Amino acid sequence: MLVLTRDKHVASDLARQSYVYSVAIFRLVFFVFLCVHFAPSLLSYWTSDGVDGIRTCEWSRWLFDMYGRIPVTVVRVMSAAVLAVSVFAVFGVAKRVMTLLAGAGFYCFASFNGIGIQTLALIDVWSILVIFVLFGDSGLHRDRLLRHMLLFQVSVAVFFSGVEKVCSGWLSRDPLGVLFAYPAGFMVRDWVTTASWLHVPAITRVLSVTTVIVELVVPIGLWIDRTARPAAVALEIFFLLIVAALEIPPLFYGIFAAGGMLVLDDERLKRMHVSFVKLARRRRVGATQF
Amino acid sequence: MSFVTNTLELWRTKTSAFMLFLPARYLLALLWAALILLGAVNHTLLPRLLHRHVNLLLPNLRYGYVMFNIIPTSASVVEFRVDDSSRNWSLSELSDIQTPGYARTRVLMDVFTAPKYLDELCLRRQARTGSPVSIVTHTYQINGGKPRMTGSVVHACADERQTRRQ
């Protein structure tokens, strides 16, 4: 975390922050959303022999050719094994080994059912899985290095999405005006097609510019101590709105919004937990008295 | 970042280059971070500046397409009808693989990337139910923030397959 302070004691305290809990929360959310993302393709081999599935060769020509030679029974077993391993990874059992096996398994099945075209999610998935394998010793410097790498991956992905949008002319045009005008059944959720306020050019123009600003500024804000928490809140809201408005995989939310949790160190999470417990007790006491 | 400050502190206090030891894990972290940056630049800035991008081979660096960076002003909505009825059904109903939160888009993207997939789904549905299935494709143009239907095509699955064979 970049420390904007001249106080050496504060600086050294901040340098000793621990992120074990926030990394654990990120791991849990990440693997849960990953399981949900891949499960329909993996389970289809048990429910319908995968006959309604599609495989494409763009992801990996070698895998595409290989699957043609593997019996369906073997593919079924493989799909069950990958699902089982990913469930172990969710619960943090033998973390690095399960992460490695889950990653390899998900990669093998990434060419199924259009998963391979969702590159913005997948490239982050592969990178985060490798980061968990390479730097995933819990207790190593209280997970600071792991946390820095995960936050870096999330920040770079969001920042360069903003760069790409600037290069594509988002600041000079009104792309969200076009996107929100799409008919029902094409990319946007049904409520967007009926929300009249989302078809006002002034509003969509503001939203287009705001999108670019959020994507360029928030990733930087996540690394500065004073702006980290507001930036994390902005990231959560931003990706929640994206997934709520567009028909895209919930995995996007699971990766990027969960990344915002990484700004919370263990001390802060403990204080939040104590506050929630106190609030819950007060409400319970209040309800009992009533 | 704390590992950078730790490294700088280590450099400052060690007087002999021989005694300086940069933990291998930090080196690996720096290398991986550099690769992440390189991958991001490779797919965003490099194609625009140098009109090329490098195949970086690693799975997380091979692709870098940012969805919705360019938003086309035309849209095609594909649905299906059963038994000559006028009611249109979502394309996702043709597939048993229901993906949470984005079923319509997934099947639509699969159909756009592999048109024969629509034939297969359609014909399997016909074989399962015994009812004839027709595919309805509406095309729209977005002008001034409003969608305008520019065309609508209805064709039966069997016709589509015969047409493609021809």
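Scope of the values below: all heavy atoms of this structure, side chains included, with no hydrogens, waters or symmetry mates. Letters A, B, ... are given to chains in the order of the sequence lines, protein chains preceding strands, and every chain is numbered from 1. Fair warning: this is a prediction, and the values are worked out from it, not measured in the lab.
For A:V36, the parts sitting under 4.5 Å from any heavy atom of chain B are the backbone and the side chain alike. Residue A:F180 does not touch chain B at all, counting heavy-atom pairs closer than 4.5 Å. Both the backbone and the side chain of B:I36 come within less than 4.5 Å of a heavy atom in chain A. Both the backbone and the side chain of B:V41 come within contact range of chain A, with heavy atoms under 4.5 Å apart. At a 4.5 Å heavy-atom cutoff, the contact between B:T99 and chain A is made by backbone and side-chain atoms alike. At a 4.5 Å heavy-atom cutoff, A:I128 makes no contact with chain B through either its backbone or its side chain. With a 4.5 Å cut-off on non-hydrogen atoms, B:L45 touches chain A through its side chain but not through its backbone. Heavy atoms closer than 4.5 Å to chain A are found nowhere in B:H138, neither backbone nor side chain.
Across B:V107, B:L28, B:V77, the residue that shares the most heavy-atom pairs under 4.5 angstrom with chain A is B:L28. Note: A:P249 leads A:G169, A:S161, A:A184, A:P249 in heavy-atom pairs under 4.5 Å with chain B. Ranking B:S76, B:G39, B:A114, B:S90 against chain A, the residue ahead of the rest is B:S76, based on heavy-atom pairs under 4.5 Å. Among B:S92, B:P72, B:A103, the residue making the largest number of heavy-atom pairs under 4.5 Å with chain A is B:P72.
Closest approach of A:S168 to B:R48, counting heavy atoms only: OG-NH2, 3.4 Å. The two residues A:V188 and B:R104 have their closest heavy-atom pair at O-NH2, 3.7 Å. Of all non-hydrogen atoms in B:T44 and A:F160, the two that sit nearest each other are OG1-CD2, 3.3 Å. The two residues B:A75 and A:P183 have their closest heavy-atom pair at CB-CD, 4.1 Å. Between A:L134 and B:R25, the closest heavy-atom pair is O-NH1, 2.9 Å. Here the closest heavy-atom approach between residue A:P175 and residue B:I71 is recorded as O-CD1, 3.5 Å.
Side chain of B:T105 to backbone of A:E247: a donor-acceptor contact under 3.5 angstrom is found. The backbone N or O of B:G101 sits less than 3.5 Å from a side-chain atom of A:R189, completing a donor-acceptor pair.
For residues 187-206 of chain A, no residue pair satisfies the ring-ring contact (aromatic ring centres under 6.0 Å, His included) rule, not counting sequence neighbours.
Under the 30°/60° scheme for interplanar angles, the aromatic rings of B:Y102 and A:H37 are found to lie parallel.
By the salt bridge (charged side-chain N to carboxylate O under 4.0 Å, His left out) test, A:R173 pairs with no residue at all, sequence neighbours left out.
To the nearest 0.5 Å, atoms NZ (A:K165) and CD1 (B:I70) are separated by 11.5 Å. Here the CZ-CH2 distance, from A:F135 to B:W32, works out to 8.0 Å after rounding to the nearest 0.5 Å.
Within the 4.5 Å cutoff, no side-chain heavy atoms of B:F68 are placed close to those of A:L176.
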